[in-house]
Amino acid sequence: MRPSSLAFALASFAMMPFAEAAAQAPPPRTVLAIGAHAGDMELTAGALLIRQKKKGDRIVILHMTLGEGGNPKATPAAYGAQKRREALAADSVIGAESIFAPYRDGAVPNNEAARRYVANVIRQVKPTHIITHWQKSIHKDHANTSAIVQDAVLLASLEGVVTGNPPHRGIRGIWYADNWEDAEDFQPFIYVDVSEDVQQWRDAVSKYEFVRGGISSFRYLEYYDALSIVRGAVAGKQRAVAFNMDAFGKRRVLDSLP
Ligand SMILES: [Zn+2]
């Protein structure tokens with residue numbers, strides 16, 4: 001999709017002068033986090049989701065797949081059932097509603113039907129904010145999810161796209177999560193203070209066996225725990241999570257030098 005198309009779908013916020021946006025009282029938020037595999041969004045954005053939940057926002061996580069292929073010691077069917085239970089437990093600690101898309105691990109289809117599926121979820125959930133994967137990734141499911149979500153935001157806004165639910169145009173921005181697998185060209189742009197939310201985040205992600213250790217050799221819990229210290233150090237906070245945005249989302253319009 002052309003960047004200008006996504007800019008159009010997000011125009012109501014992106015084009016708003018920065019000072020005007022800051023001056024308005026924040027309306028209620030609904031955050032929809034869309035991850036390729038169960039666990040992706042909880043690990044990368046869970047602390048922010050916990051923070052927003054404490055502020056009274058509605059939090060929904062859409063898992064494109066269960067990530068059921070990630071355990072060499074278990075069948076996809078058995079591990080998928082485990083991942084589903086773990087996702088529900090982790091999302092419950094976050095205070096998030098869970099939605100499971102009908103796709104298989106390693107096979108998130110980068111096609112029109114998947115865009116329409118996600119567009120329809122967007123129309124049902126009516127998010128003000130979307131969090132998903134950065135566009136470049138070593139994992140095909142992550143890159144496909146990012147591409148699908150960017151197009152789905154536009155499709156969800158268009159009157160002419162029929163999905164069974166009315167169009168939704170209230171999305172103020174797509175925030176791209178800070179994921180070790182999606183690191184190519186990722187630049188942290190927004191930092192959010194999560195100093196008070198890290199313990200609850202640990203409790204949430206530890207519902208996943210792959211996070212506790214023993215399935216993958218990657219040290220998930222230590223990596224994301226340490227990353228929150230690194231991002232926090234740059235942000236002048238104890239702990240922070242960082243997100244990237246599309247280039248057009250970084251535009252600031254001022255009357256004069258600040
Ligand atoms: Zn993943």
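Excluded from the calculations below are hydrogen atoms, water molecules and symmetry mates; all remaining heavy atoms, backbone and side chain alike, are included. Computed from a predicted structure; not experimentally measured. Start at 1 and go down the list; that is how both ligands and their atoms are numbered.
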Checklist line | Gln238 CD: over 12 foreign heavy atoms closer than 6.0 Å | finding: no

Margin query: Are there over 12 heavy-atom neighbours, none belonging to Arg212, within less than 6.0 Å of that residue's CZ?
Written below: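 Yes.
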
Next item on the list: Flag His142 as yes if one of its N/O/S atoms falls below 2.8 Å of the Zn ion (ligand 1), otherwise no.
Entry: yes

Checklist line | Whether Glu181 has an N, O or S atom under 2.8 Å from the Zn ion (ligand 1) | finding: no

Notebook entry, point to check: Would you say the side chains of Arg85 and Gln82 form a donor-acceptor pair under 3.5 Å?
Noted result: no

Next item on the list: Can you tell me, to 10 degrees, how wide the angle at the Zn ion (ligand 1) is between ND1 on His37 and OD2 on Asp40?
Entry: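 The two atoms form an angle at the metal of about 90°.
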
Check: Would you say the ring centroid of Phe243 lies under 6.0 angstrom from that of Phe189?
Finding: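 When the ring centroids of Phe243 and Phe189 are compared, they turn out to be at least 6.0 Å apart.
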
